[in-house]
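See structure below.
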Amino acid sequence: MQPNSQHFKANATAALHQPNLQAALKQLELGFVAGRARCYEGLPEFEALRERAESVLNHTLENLDAYLLEYEARVVEAGGQVHWASTPQEAREIVLRICRDADARSVIRGKSMIGEEIGINDALEGAGFEVTESDLGEYILQLGKEPPSHIVAPAIHKTKDEISDLFFDHHQALGFSERLTDRSALVAEARQVLRTRFLDADVGMTGANFLIAETGSNVIVTNEGNGDLSCTLPRVQIVTAAIDKVVPTLEDASMLLRLLARSATGQEITAYTTFSTGPRREPDADGPREYHVVLIDNQRSEMLGSELRPMLRCIRCGACMNHCPVYGRVGGHSYGWVYPGPMGSVLTPVMVGLDEAGHLPNACTLNGRCETVCPVRIPLPDLLRGLRARQHQQRLNSASARWALGAWAWVARRPRLYQFLTGMAMPIMARLGRKSGRFSRMPLAGGWTRVRDLPAPQGSTFQAQWQKRGRNGS
Amino acid sequence: MSSAKEQVLARIRAANGGAADPAIARARIEAHARQIEPAFDDDLADRFLAKLEAAAATVARVSAEDRVVTEIEAYLERNGLDQKIVAGDEAVLRQLDWPPGFTVEQRVPRGDDVIGLTSALCGIAETGTLMLTSAAGRPTSLNFLPDYHVVVLRRAQLVARMEDAWDKLRAEPGAMPRTVNFISGPSKTADVEQTVEYGAHGPRCLHVVLIDG
Ligand code: SF4
């Protein structure tokens, strides 16, 4: 997908004026956020689990080359093949080659963020393959030709009405002549349409929530069972997975699964958690004849060597965006690429470039909620601050921002001047805003005052108050 | 030019300040130590069934094996279903004595089969989860294609946690099966306006029969 992150501000402004989106985002708060809180209430081990998860994943990253090689050896022993790709381009070429070699015509996909990251659907369709997304949310987006707006619930921004229209438009050719408005009828129709796609597909593609070094297995978690049909019915299975998905053992995966579903959807466990290992064994009754894994780097090894290393612990639960006040207002599409919210604001600049996605690390109030809820304790605000620093070093922020920061830094290094200037500014601002106690317009701060007021300062500066208190000894 | 694999590994090693010692990874895998496991002390069967029900599965407890068929008959009746079943080839199912009128076939299911009947390797009490493994007489598609999935297992097959299930699997002969399915309720989706609907792609209904004796 073409990144559109440089238009974050315009995207966000538009999003603020879409009532349907605002209602959906509100619902997210009532659903996922409340569900997660309920779940963890019943789990006194939560903090201990987070700490252990962090340390297990840190250990894995420290020994990543060794675990990847162990994993690869087990896949090969089980009769599967592992393909390595440095870039999205290489990954796409590998997938296309596997599909061509298998004489495939149709591909069924289970939802996977790495698939979005490498743009696999466009590549497959461009090469003449028939591609169907099987996750209901992704299927809706495929019909609407839209990118996901959430990593767990990709179509949260779509209303039932819009889905009714999409199904009506696309399913008439398949013999469904009624425009359905009932939620369960819509789900049932999609089930019927997709059932034949599952049965007809030559290739099933999924991502992986984890790869297990101990056994060479890939793990997928779903509630719909679509990923499971995708990797069971077609004769070829392709797993696309990033190199940071590997964990050492089945026990490690079990621990992380306890955190994943709770953090993602507020479930203790999803309806389906599936471990697949190699192709079908003789004399298994079903399962694919070929099993391929495409291991994708795409900048992750660079992140490993940088201050962004903790980001590689991410288990893609989405909790950081569910709890982000910015995401909660502007929605996923504003971020302009595959990964939205706090985790996306770290990943997007790395994967599509800081020049394209420079707004994202700045679209953050550093309130820290994301870090507090992250099940693997990724210090997202620190990482975002780090990216802002990179931006400044690479002179990618705007000239006015650089000038303002420079001027502030110059003054701030001169304490007397700083006190003098702020001491002067306070009474002036208090006076100007004395009528209502707030400003509804302010030069240089239009972005703020267009949508809300800026409170006028009350009393003297913090430093002046502090000094006074110190003198009084209170 | 070196292969993509060599390049990826070289970059990882550069980032980590050198190659990892494979012995460290191997030792950790060998030990496969358990991590933090949530504490609970409920009765395994009670917890297992309660968790399944909370996830919208239906459950039944029968006192002995010879009650299973009656229970399934009643279940089909309740749901207005034909007595046509596709079943897995498993010890506990082979012993069932079906009354006349039932068609029970052992085969890979088709897209329009209505009822799938299987057992499970074990049931996990912590989360109310069934663990099913693939094999010659146990097609994975049987767990996903039919609208109704009925699972029969004995109380002795219950374990406390997923880690116990792994131990059980490791004690079985042979390597890791091609597919291990953990199933904790019927198929569902919340992709239409964040409201749960059952029967997205997998079974609309999951019915678990526990033989308590
Ligand atoms: S950064 Fe943390 S909270 Fe956000 S998706 Fe990743 S693991 Fe979840």
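Please read all numbers here as calculations on a predicted model, not as lab measurements. Reminder, nothing fancy here: chain letters follow the sequence lines and each chain counts from 1.
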Contact class of A:His83 relative to chain B, heavy atoms under 4.5 angstrom: neither
Contact origin within A:Leu194 toward chain B - heavy atom pairs under 4.5 Å: side chain
Aromatic B:Phe40 / basic B:Arg47 pairing, under 6.0 angstrom, 45° off normal: yes
B:Asp46/B:Arg61 salt bridge by N-O under 4.0 Å criterion: yes
Under 4.5 Å from any heavy atom of chain B - which part of A:Ile163: side chain
Part of B:Ala56 within contact of chain A (heavy atom distance under 4.5 Å): neither
Proximity breakdown for B:Ala19 and chain A, heavy-atom pairs closer than 4.5 Å: both
Residue part contacting chain B, namely of A:Ala85, when any heavy atom lies under 4.5 Å: backbone
Interface moiety of A:Glu162 toward chain B, non-hydrogen atoms closer than 4.5 Å: neither
Pair A:Thr249-A:Asp252, side-chain donor/acceptor within less than 3.5 Å: yes
A:Glu29 and A:Lys26 ion-paired at < 4.0 Å: no
Interchain contact, A:Leu64 with chain B, by part (heavy-atom threshold 4.5 Å): both
Chain A contact via B:Pro203 - which portion, at a heavy-atom distance below 4.5 Å: both
Part of B:Val108 within contact of chain A (heavy atom distance under 4.5 Å): side chain
Part of B:Leu169 lying under 4.5 Å from any heavy atom of chain A: neither
Proximity breakdown for A:Ser254 and chain B, heavy-atom pairs closer than 4.5 Å: both
A:Pro279 versus chain B, the contacting section by heavy-atom distance below 4.5 Å: backbone
Between A:Glu138 and A:Asn226: side-chain donor-acceptor atoms closer than 3.5 Å: no
NZ/NE/NH1/NH2 to OD/OE distance under 4.0 Å, A:Arg191 and B:Asp147: yes
Heavy-atom contact with chain B under 4.5 Å, split by part of A:Leu69: side chain
Close side-chain approach of A:Leu136 and A:Lys111, heavy atoms under 4.5 Å: no
Distance flag, aromatic centroids of B:His201 and A:Tyr272, threshold under 6.0 Å: no
Proximity breakdown for A:Leu30 and chain B, heavy-atom pairs closer than 4.5 Å: neither
Side chain / backbone / both / neither for B:Glu126 at chain A, heavy atoms under 4.5 Å: both
Donor + acceptor pair across side chains of B:Thr133, B:Arg138 (<3.5 Å): yes
Heavy-atom contact with chain B under 4.5 Å, split by part of A:Phe46: neither
Proximal component of A:Lys158, with respect to chain B [non-hydrogen, under 4.5 Å]: backbone
side-chain contact (heavy atoms from CB on, under 4.5 Å) partner of B:Phe182, chosen from B:Leu132, B:Thr129, B:Leu130: B:Thr129
Largest heavy-atom contact set with chain B, pairs under 4.5 Å, which of A:Arg300, A:Gln267, A:His59: A:His59
Exercise: identify the closest heavy-atom pair between A:Leu259 and A:Ala53: CD1-CB, 3.5 Å
